[in-house]
Q: 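I'd like to ask you about the structure that follows.
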Amino acid sequence: QVQLVESGGGLVQAGGSLRLSCAASGRALSECVMGWFRQAPGKEREFVIATRWAGGSTNHADSVKGRFTISRDYVKKILYLEMNSLKPEDTAVYYCAARRSLEVATSSAEYEYWGQGTQVTVSS
């Protein structure tokens, strides 16, 4: 089992920055891929960015390329999503997710573990 708890969402103006955190607990995180998805009102949940917890391969959506980065604190077991140059279309509930695999998948169906989500609102 892996438990995930997000924090750090909020309201920010367009062009601003925000950092989300995902506190992870559970066994064998090194065997996991962890990442972020988002879901805007009336839309399907979409992939944002993901990486192997142990390091190495990272995959991200084209819409966030050059703006969003993912990192982790191994000691605190926290996954971060650093979001820069935010746009109103980035407004969504952001979810932390994990899958027990070393393949960095982009489909939400491939992820077994989910956090409760945190709201990010970008005003124009």
Q: Kindly compute the distance separating OG (Ser17) from CE (Met83), expressed to the nearest 0.5 Å.
A: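 CE of Met83 is found 9.0 Å from OG of Ser17.
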Q: Would you say Val120 and Phe37 are hydrophobically clustered, going by side-chain heavy atoms of ILVMFWY under 4.5 Å?
A: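 The answer is no; the residues belong to distinct hydrophobic clusters.
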Q: Quick one: does Glu6's side chain have a donor or acceptor within less than 3.5 Å of a partner on Thr118's backbone?
A: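 Side chain of Glu6 to backbone of Thr118: no pair is present.
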Q: Would you say Leu86 ends up clustered with Val64 if hydrophobic residues are merged whenever their side chains have heavy atoms under 4.5 Å apart, either directly or through other cluster members?
A: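 In one cluster with Val64: Leu86, yes.
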Q: Are more than 12 heavy atoms, taken from residues, nucleotides or ligands other than Glu44, located less than 6.0 Å from that residue's CD atom?
A: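 No, CD of Glu44 has 12 or fewer neighbouring heavy atoms, counting only those of other groups under 6.0 Å.
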Q: What's the spacing between Ser63 OG and Glu89 CD if we round to 0.5 Å?
A: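 With rounding to 0.5 Å, OG (Ser63) is 9.0 Å from CD (Glu89).
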Q: Write down the atom of Tyr111, the atom of Ala50, and the distance for their closest heavy-atom approach.
A: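 Answer, listing the atom of Tyr111 first, then Ala50: OH-CB, 3.5 Å.
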Q: Are side-chain heavy atoms of Thr91 and Gln119 found at a separation under 4.5 Å?
A: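 Yes, close enough: below the 4.5 Å cut-off.
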Q: Calculate, to the nearest 0.5 Å, the distance between atoms CZ and CG belonging to Arg72 and Leu79 respectively.
A: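 The distance works out to 7.5 Å.
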Q: Could you state the interatomic distance from CG (Asp62) to CZ (Phe47), rounded to the nearest 0.5 Å?
A: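 Asp62 CG to Phe47 CZ: 10.0 Å, rounded to 0.5 Å.
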Q: For Lys87, is there an ion pair with Asp90 - N to carboxylate O distance below 4.0 angstrom?
A: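 Salt bridge between Asp90 and Lys87, a charged N being under 4.0 Å from a carboxylate O: no.
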Q: Evaluate the side-chain proximity of Thr121 to Val12: yes if any heavy-atom separation is below 4.5 Å, no if none is.
A: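 Contact flag for Val12/Thr121 side chains = no.
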Q: Before giving the answer on side-chain contact (heavy atoms from CB on, under 4.5 Å), spell out for Arg52 and Val104 the whole-Å C-alpha distance, their side-chain angles and the decisive distance to 0.1 Å.
A: CA-CA 7 Å; Arg52 293 176 180 169; Val104 184; 4.1 Å; yes
Q: Okay, side chain of Arg99, backbone of Glu110: is any donor-acceptor separation there less than 3.5 Å?
A: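 The answer is yes, because a donor-acceptor pair under 3.5 Å joins these two groups.
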Q: Answer yes or no: is there a side-chain heavy-atom contact under 4.5 Å between Leu29 and Glu31?
A: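 Not in contact.
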Q: When you compare the side chain of Thr106 with that of Asn59, does any pair of heavy atoms fall below 4.5 Å?
A: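 SC-SC contact between Asn59 and Thr106 confirmed.
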Q: Ring centroids only, cut at 6.0 angstrom: are Trp36 and Phe68 within range, meaning strictly under it?
A: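 No, the ring of Trp36 stays outside the 6.0 Å limit from the ring of Phe68, centre to centre.
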Q: Would Gln116 and Val5 count as a side-chain contact (heavy atoms from CB on, under 4.5 Å) here? Give the steps.
A: CA-CA 7 Å; Gln116 81 286 354; Val5 179; 4.2 Å; yes
Q: At their closest point, which heavy atom of Val2 faces which heavy atom of Cys32, and how far apart are they?
A: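 Heavy atoms of Val2 and Cys32 come nearest at CG2-SG, 4.3 Å.
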Q: Is there side-chain contact between Tyr95 and Arg45, with heavy atoms separated by less than 4.5 Å?
A: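 The answer is yes, as the side chains (C-beta and beyond) meet within the 4.5 Å cut-off.
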Q: Scan side-chain atoms only and decide if Gln3 and Ser25 contain a donor-acceptor pair under the 3.5 Å cut-off.
A: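 Note: Gln3 and Ser25 side chains meet the donor-acceptor criterion.
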Q: Under 3.5 Å, is there a donor-acceptor pair linking the side chains of Arg38 and Tyr94?
A: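 Tyr94 and Arg38 do have a side-chain donor-acceptor pair below 3.5 Å.
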Q: Using the side-chain contact (heavy atoms from CB on, under 4.5 Å) rule, take Leu4 and Met34 through it: C-alpha gap first, then chi angles, then the decisive distance, then the call.
A: CA-CA 10 Å; Leu4 305 169; Met34 294 182 66; 3.6 Å; yes
Q: So, for Ala92 and Ala40, which heavy atoms are closest and what is the spacing to 0.1 Å?
A: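 Distance-wise, the nearest heavy atoms are CB-N, 3.8 Å.
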Q: Are Trp53 and Tyr113 co-members of a hydrophobic cluster defined by side-chain heavy atoms under 4.5 Å apart?
A: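 Linked, Tyr113 and Trp53 end up in one cluster.
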Q: To the closest 0.5 Å, what do you measure between CD (Gln13) and OG (Ser123)?
A: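 Spacing of CD (Gln13) from OG (Ser123) equals 5.0 Å.
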Q: For the side chain of Ser124 and the backbone of Pro88, is there at least one donor-acceptor N/O pair under 3.5 Å apart?
A: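 Looks like no, no N/O pair under 3.5 Å.
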Q: Which value, rounded to the nearest 0.5 Å, describes the distance between Tyr80 atom OH and Ser21 atom OG?
A: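 These two atoms lie 5.0 Å from each other.
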Q: Any side-chain heavy atom of Ser108 within less than 4.5 Å of one from Trp114?
A: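 Of all side-chain heavy-atom pairs linking Trp114 with Ser108, at least one is under 4.5 Å.
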Q: Go through the steps to decide whether Thr58 and Ile70 satisfy the test side-chain contact (heavy atoms from CB on, under 4.5 Å), and finish with yes or no.
A: CA-CA 8 Å; Thr58 297; Ile70 194 169; 3.9 Å; yes
Q: Looking only at heavy atoms, what is the nearest atom pair of Ile49 and His60, with distance?
A: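 Taking Ile49 first and His60 second, the nearest heavy atoms are CG1-CB, 3.6 Å.
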Q: Nearest heavy-atom pair of Arg19 and Glu82: which atoms, and what distance?
A: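 For Arg19 and Glu82, the tightest heavy-atom pair comes out as CD-OE1, 3.2 Å.
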